[in-house]
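Inspection log for the structure reproduced underneath, given as structure tokens.
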2 protein chains.
Amino acid sequence: MRRGATNAAQTGAPTSADVARLAGVSPATISLVLNGRASKVRISDETRDKVIAAAAQLGYTPNHAARSLRQRRTNIITFVLPTLDNPYFSDVVRAAQTAAQQHGYAVSVIPAKTKPGEFHALSFLQGAAFDGIIVAGRENCTAPELRQLAARGVAVVALQEQSPDPSIQSVSVDLEAGGYMATRHLIDLGHRRIAHVTERLHEPGTRRDRLDGYRRALEEAGLAFDPSLVLTAENTMAGGSKAIEQLLGPGMQRPTAAFMYNDQMAVGALHALRLHGLSVPDDFAIVGFDGVAIGQFTAPALTTIDHPREELGRLAIEALIGALEKRPSDVREHLLPVKLIVRESCGGGKTLLPRRQPRTRTR
Amino acid sequence: MRRGATNAAQTGAPTSADVARLAGVSPATISLVLNGRASKVRISDETRDKVIAAAAQLGYTPNHAARSLRQRRTNIITFVLPTLDNPYFSDVVRAAQTAAQQHGYAVSVIPAKTKPGEFHALSFLQGAAFDGIIVAGRENCTAPELRQLAARGVAVVALQEQSPDPSIQSVSVDLEAGGYMATRHLIDLGHRRIAHVTERLHEPGTRRDRLDGYRRALEEAGLAFDPSLVLTAENTMAGGSKAIEQLLGPGMQRPTAAFMYNDQMAVGALHALRLHGLSVPDDFAIVGFDGVAIGQFTAPALTTIDHPREELGRLAIEALIGALEKRPSDVREHLLPVKLIVRESCGGGKTLLPRRQPRTRTR
DNA sequence: GGGTTCTGCTAAATCCTTTTAGCTAATTCG
DNA sequence: CGAATTAGCTAAAAGGATTTAGCAGAACCC
């Protein structure tokens with residue numbers, strides 16, 4: 001292939017050599033000027049201006065691949081999310097993006113379907129087209145690929161999960177406390193049969209979870225744990241709806257309240273209850289989890305456990321960048337507090353109001 | 001720096017040279033085997049197996065930057081989205097990801113805040129760490145950076161927007177038809193004062209939009225276009241809510257129905273109407289737009305204009321890959337049909353039911 | 001047996017930027 | 001004035017995979 005002066009015309013993208021030619025300097029100078037390496041190597045103002053002008057004239061931007069190859073870094077942080085569906089992550093990522101930008105990193109997102117056993121982002125991940133990843137979703141976090149990545153120098157932070165690999169930091173919200181608060185709130189309102197709809201039952205040995213908090217609250221109140229009141233459902237509105245259908249089905253000893261895995265599923269729950277002609281909160285109380293926007297717009301508005309989502313995103317980025325830039329931290333696990341937001345779906349003001357009589361049918 | 005046999009130990013990531021050493025062949029062979037270039041260069045089964053075993057033993061994966069540099073392609077397609085908030089895009093991206101994978105491409109997403117005048121993904125985009133991008137959002141689609149990218153060989157597809165650059169294909173849903181159908185539906189149900197809440201007024205000369213369909217339906221029915229019934233609001237539930245507040249405010253000649261920019265804003269609208277003690281659909285009808293999941297779970301469920309979101313994602317990928325692989329298409333613009341889904345928020349069965357008397361107060 | 005054709009693999013160039021040792025010319029110093 | 005700095009820049013290597021011309025040896029042919 002012919003080489004020479006017309007390189008830019010051939011490929012469509014000008015290279016530093018093209019800029020160098022135009023400015024009458026060497027490619028090294030282009031790099032030095034454009035990256036502000038003035039501290040290392042001196043460049044005269046005159047040359048600097050020439051380079052900048054030439055770069056602008058050609059519309060030059062450094063080739064990402066070449067730069068990454070040489071520098072061994074991409075300045076990209078990737079979020080691996082189980083789905084784009086959940087507005088929860090939208091809030092987390094937005095905050096993360098802001099934080100990352102301040103450190104000179106860009107953020108991208110890969111939706112990784114999280115079918116057990118498959119890890120679709122695998123091929124992408126293994127290419128390591130990023131310096132670090134923040135991983136959400138149980139299956140993603142436990143994927144063996146993560147250890148490989150970590151072993152090869154990619155910084156990894158698990159979001160809301162605990163990785164089996166001790167070299168992988170985690171940034172989470174205190175799910176157990178959230179589960180406790182949600183359940184305790186219902187108990188304080190007089191409920192005695194309280195269901196919990198979850199996305200999946202967590203294996204023993206993993207991080208303490210919503211379910212642990214649920215059980216702790218029950219125990220503290222002297223209520224027996226009834227396994228038939230804990231349901232697993234798909235993490236969607238439809239999933240939440242189906243779970244409630246199940247709870248209201250024939251042969252069930254109906255609960256009077258449910259603590260839902262998240263707000264999304266809680267929306268589905270409200271829907272199912274409506275279809276059954278049950279009034280919320282009068283006939284049935286619902287507590288959500290997450291605190292996302294939709295909870296304010298449902299009828300009734302959702303009482304929920306609010307997460308500091310922005311903080312979560314920011315902290316994840318900071319933990320990651322800390323690891324990237326070799327500022328070793330002894331903190332392996334960051335745990336953020338949650339708070340109860342009382343709206344309408346459980347009835348009003350906490351324990352202040354007279355406790356309503358729950359109708360626990362004993363068949 | 002010392003070079004040699006222990007390279008893998010130094011960097012943490014094995015290179016093709018490491019695999020070559022272990023397998024007793026040259027790096028070229030590694031590449032040939034691992035990429036299945038058997039058609040070009042013959043490799044014995046024995047060597048092939050040795051290479052594969054060595055690669056597996058070392059956990060080798062090719063360095064993404066080096067490969068991209070050499071091949072001048074990344075096999076990555078990036079979605080530039082104005083926000084992650086909207087479940088609409090979730091559906092589109094999911095389908096796109098599936099389609100892309102079949103062609104050997106991975107999909108990543110960049111949330112690009114879309115404040116007028118700023119294009120936050122800029123630095124990322126200019127690096128061109130991808131072969132093509134699919135861009136959504138007015139501001140993103142009209143960003144001058146797009147032309148630069150297109151000029152330099154990055155394939156660009158605009159989603160739901162029309163780019164000023166003729167070299168940029170677009171894949172969209174027929175918004176005008178959707179606007180017409182939504183409005184026509186309300187007219188058929190007897191409404192005469194119909195508001196339209198939109199995200200932004202589109203500039204003349206751009207693609208025909210919801211508003212055009214709205215106007216066409218009004219015109220066809222002999223109804224005067226009243227500019228005071230067209231409101232602009234933020235594209236969120238809160239934005240939809242505020243818009244309705246405004247419509248119901250003092251001094252307004254109240255409409256009896258509203259065609260909302262999308263389902264998200266329609267959810268906000270339902271909320272605002274509820275706060276005002278108005279019953280939907282009896283006192284006020286709402287039509288949404290998009291057909292996303294939430295519409296089935298609201299009370300009342302949303303009548304809406306459903307988009308073929310999966311198709312949209314698939315088509316965008318196919319248009320993009322077609323452009324990437326130099327299969328020139330004369331189709332600059334793909335337009336997908338929409339359809340009306342009648343649920344509850346406008347009342348039941350179209351024109352079949354007796355038209356209810358709208359209460360148009362003339363003050 | 002000598003020439004030809006395959007087989008199977010490798011050497012070396014290439015992609016583009018960054019980095020650092022070091023070169024040249026100008027300036028300063030004694 | 002000669003030596004020592006300093007300023008300002010460049011040459012060349014490095015980073016890791018891919019690609020292609022072509023080499024060496026084996027097999028084949030008459």
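Here the structure is a predicted model, which means the values were calculated and not measured.
The CG atom of A:Leu324 sits 4.5 Å away from the OH atom of A:Tyr105 when rounded to the nearest 0.5 Å. Separation of atoms OG (A:Ser68) and CG (A:Asn63) is listed at 8.0 Å; rounding is to 0.5 Å.
The side chain of B:Gln71 sits closest to D:dT19 out of D:dA17, C:dT18, D:dT19. For B:Ile43, counting side-chain heavy atoms from C-beta on, the closest listed nucleotide (C:dT20, C:dC9, C:dG8) is C:dC9. Listed candidates were D:dA17, C:dT18, D:dG16. Nearest to the side chain of A:Arg72 is D:dG16. Checking C:dT20, C:dC15, C:dT17 against the side-chain heavy atoms of A:Leu32 singles out C:dT20 as nearest.
Considering every non-hydrogen atom in both B:Val171 and B:Ala316, the closest pair reads CG2-CA, 3.9 Å.
Residue B:Asn63 contributes atom CG, which lies 16 Å from atom P of C:dC16 at whole-angstrom precision. One can place CZ of A:Arg67 at 13 Å from C1' of C:dT19, the figure rounded to the nearest angstrom. Rounding to whole angstrom units, CZ of residue B:Arg42 and P of D:dA26 are separated by 17 Å. As rounded to whole Å, 17 Å separates atom P of D:dG15 from atom CZ of A:Arg73.
Sorted by first and then second residue, the salt bridge (Lys or Arg N to Asp or Glu O under 4.0 Å) pairs with a member in residues 73-82 of chain A form an empty list; sequence neighbours excluded.
A salt bridge is absent between A:Glu310 and A:Arg314; no separation between the charged side-chain nitrogens and carboxylate oxygens falls under 4.0 Å.
Near DNA chain C, meaning a heavy atom under 4.0 Å from it, residues 23-31 of chain B has B:Val25, B:Ser26, B:Ala28, B:Thr29 in order of number. Of the residues in residues 44-51 of chain A, A:Ser44, A:Thr47 come within less than 4.0 Å of DNA chain D through at least one heavy atom, sorted by number.
End-to-end axis angle for the helix from C:dG1-D:dC30 to C:dG30-D:dC1, using five pairs per end and rounding to 10°, comes out at 60°.
The only option from A:Val109, A:Val92, A:Ile110 that meets the side chain to side chain contact (heavy atoms under 4.5 Å, CB included) definition with A:Leu81 turns out to be A:Val109. For the side-chain hydrogen bond (donor to acceptor under 3.5 Å, both in side chains) with B:Arg67, the lone residue among B:Thr61, B:Asn75, B:Asn35 that qualifies is B:Asn35.
Side-chain atoms of B:Thr74 come within 3.5 Å of backbone N or O of B:Asp131 as a donor-acceptor pair. A:Glu161 places no side-chain N or O within donor-acceptor distance of the main-chain N or O of A:Ala136, the cut-off being under 3.5 Å.
Nearest-nucleotide mapping onto DNA chain C: of A:Arg70 and B:Leu69, the residue sitting toward the 5' end is B:Leu69.
Evaluation of the salt bridge (Lys or Arg N to Asp or Glu O under 4.0 Å) rule for B:Glu46 yields no partner, not counting sequence neighbours. Scored by the salt bridge (Lys or Arg N to Asp or Glu O under 4.0 Å) test, B:Asp85 finds A:Arg94 as partners (sequence neighbours excluded).
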